[in-house]
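Naming: A, B, ... by sequence-line order, numbering from 1 per chain.
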There are 2 protein chains.
Amino acid sequence: MATRTIKRPQQIDSWVSFLRAHAAITRELSAQLQREHGLTLNDYEVLLHLSHAEGGRMRRVDLAQQVVLTASGITRLLEGLERSGFVCKETCASDARVSYAKLTGEGAAKLKVAAATHLRGIDELFLSRYSGSELTTLAELLARLPLTGADCKTSSEPCS
Amino acid sequence: MATRTIKRPQQIDSWVSFLRAHAAITRELSAQLQREHGLTLNDYEVLLHLSHAEGGRMRRVDLAQQVVLTASGITRLLEGLERSGFVCKETCASDARVSYAKLTGEGAAKLKVAAATHLRGIDELFLSRYSGSELTTLAELLARLPLTGADCKTSSEPCS
DNA sequence: GCGCTATACTTGAGGGCACAACTATGGCAA
DNA sequence: TTGCCATAGTTGTGCCCTCAAGTATAGCGC
């Protein structure tokens, strides 16, 4: 039973490795980010997306899609960031339904500080394990996976 | 600003893709598993590990390591599986501290049923996106990532 | 045998997230 | 204009998980 192992399909191996690696990595990186900067992994991602956005602000719904969170998830997450003063609300002149999340100066500063140690953590994780070309391959392959909930949903729909 | 994008290091691209893909995929697969079988992704993984284990049972601590959960996480997870009758406790004769989690017949049956649709979901996700050789590459690369919390921790420790 | 530390597990408290239900606004068609 | 559906966002509820603290057993030096 030890040597005569059943040959499992590679997609299963990929998937299990994926799950375990994610759990292990996020646990560590998340704890590190929380300990040193009081931020969640998603907090960080949100600040990052805002910093890259036009005018440092995004609609909550777009933000939710970027970080793969539900609408309510984004509401709660931004609640925290607003309390900390890292983002603020902004209303939309042309559509009263939307409210923007805007990165504050304080938020940008926080991101900058957090990035220093967080990026180092990521580097240590990936650069120590892969060569340059392997990283390229990995990035390319991973990018092909569904990056939004919608992409994912369609692929598991056709049933009968 | 659209064309002249800043070149980001590949480990960051890999990491962000990794995060987003995980969020999107687990949200869908988890919801599917929950809807159709009332199981969590981790519930499923635990049942799976038990089914592969010698005698269908494992120490809680080893189980925790396999699915990358804390000791308390495993306690809570098994609580639910025990209530559902899919696993049961077993004491260890030689060490009174350890208690085994043992797969019941009902649990094995549940796993078998759940596997049918769950594996199909995974297949649809991966097989539609990668060729055979790409899957091999992906599985190999992913397997190199830390698969336990300890593996992960060591790599981010050396600081000053 | 007596402490000391390590290990296995449980419990209380709290945070993050999803789902469902709800409000409010926008846009379109008759 | 009125009705109807879509979209943006919030709130109540509950699950899952972690951390910190606590209990119980094991193993070891003395």
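With hydrogens and angles ignored, the 3.5 Å screen pairs a side-chain donor or acceptor of A:Tyr130 with a backbone N or O of B:Leu141.
Atom CG in B:Leu41 sits about 12 Å away from atom P in D:dC16, given to the nearest Å. Between the P atom of D:dC16 and the OH atom of B:Tyr44 lies a distance of 18 Å, rounded to the nearest Å. The interatomic distance linking A:Lys89 (NZ) with D:dA8 (P) rounds to 15 Å, in whole Å. When rounded to the nearest whole Å, the span between CZ of A:Arg27 and C1' of D:dC17 equals 9 Å. We find that CD of B:Gln65 is positioned 17 Å from P of D:dC17, with the value rounded to whole Å. Taking atom CG of B:Leu69 as the reference point, atom P of D:dC19 lies 11 Å away to the nearest angstrom. Summarising the geometry, the separation between CG on A:Asp62 and P on D:dA8 is reported as 8 Å, rounded to the nearest angstrom. Rounded to an integer number of Å, the gap from CD1 of A:Ile25 to C1' of D:dT18 is 18 Å.
Annotation for A:Val98 and A:Cys92: closest pair CG2-CB, 3.0 Å, computed over non-hydrogen atoms.
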Criterion salt bridge (charged side-chain N to carboxylate O under 4.0 Å, His left out) on A:Glu82 and A:Arg60, from CA distance to verdict: CA-CA 13 Å; A:Glu82 284 160 11; A:Arg60 293 163 107 81; 3.5 Å; yes
Decide salt bridge (charged side-chain N to carboxylate O under 4.0 Å, His left out) for B:Arg59 and B:Asp62; before the verdict, give the C-alpha distance in whole Å, the side-chain angles of both, and the deciding distance to 0.1 Å. CA-CA 5 Å; B:Arg59 300 193 314 163; B:Asp62 294 330; 3.0 Å; yes
Do A:Glu140 and A:Arg144 pass the salt bridge (charged side-chain N to carboxylate O under 4.0 Å, His left out) test, and can you show the C-alpha distance, the side-chain angles, and the key distance before you say yes or no? CA-CA 7 Å; A:Glu140 196 277 317; A:Arg144 246 188 272 172; 3.0 Å; yes
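In this structure, B:Asn42 does not reach the D:dC16 phosphate: none of its side-chain N or O atoms is under 4.0 Å from OP1 or OP2. Checking the phosphate oxygens (OP1, OP2) of D:dT10, a side-chain nitrogen or oxygen of A:Thr75 falls inside 4.0 Å. For D:dT23, the OP1/OP2 oxygens have no side-chain nitrogen or oxygen of B:Arg97 closer than 4.0 Å.
Using a 4.0 Å heavy-atom criterion, one finds that B:Ser30 contacts no nucleic acid atom at all. Counting any heavy atom pair closer than 4.0 Å across all strands shown, B:Ala71 reaches a base atom.
For the pair A:Thr70 and B:Arg76, nearest-nucleotide mapping onto DNA chain C gives the more 5' position to B:Arg76. With the nearest nucleotide of DNA chain C identified for both A:Gly73 and B:Tyr100, B:Tyr100 has the one nearer the 5' end. Comparing A:Ala31 and B:Thr40 by the nucleotide of DNA chain D whose heavy atom lies nearest to each, the residue mapping closer to the 5' end is B:Thr40.
Using a 4.0 Å cut-off between charged side-chain N and carboxylate O, A:Arg120 and A:Glu124 make a salt bridge.
Taken from CG in A:Leu138 to CZ in B:Phe18, the straight-line distance is 8.5 Å, to the nearest 0.5 Å.
Bracketed by its first and final contacts, the part of DNA chain C lying under 4.0 Å from non-hydrogen atoms of chain A reaches from C:dG16 to C:dG26 in 5' to 3' order.
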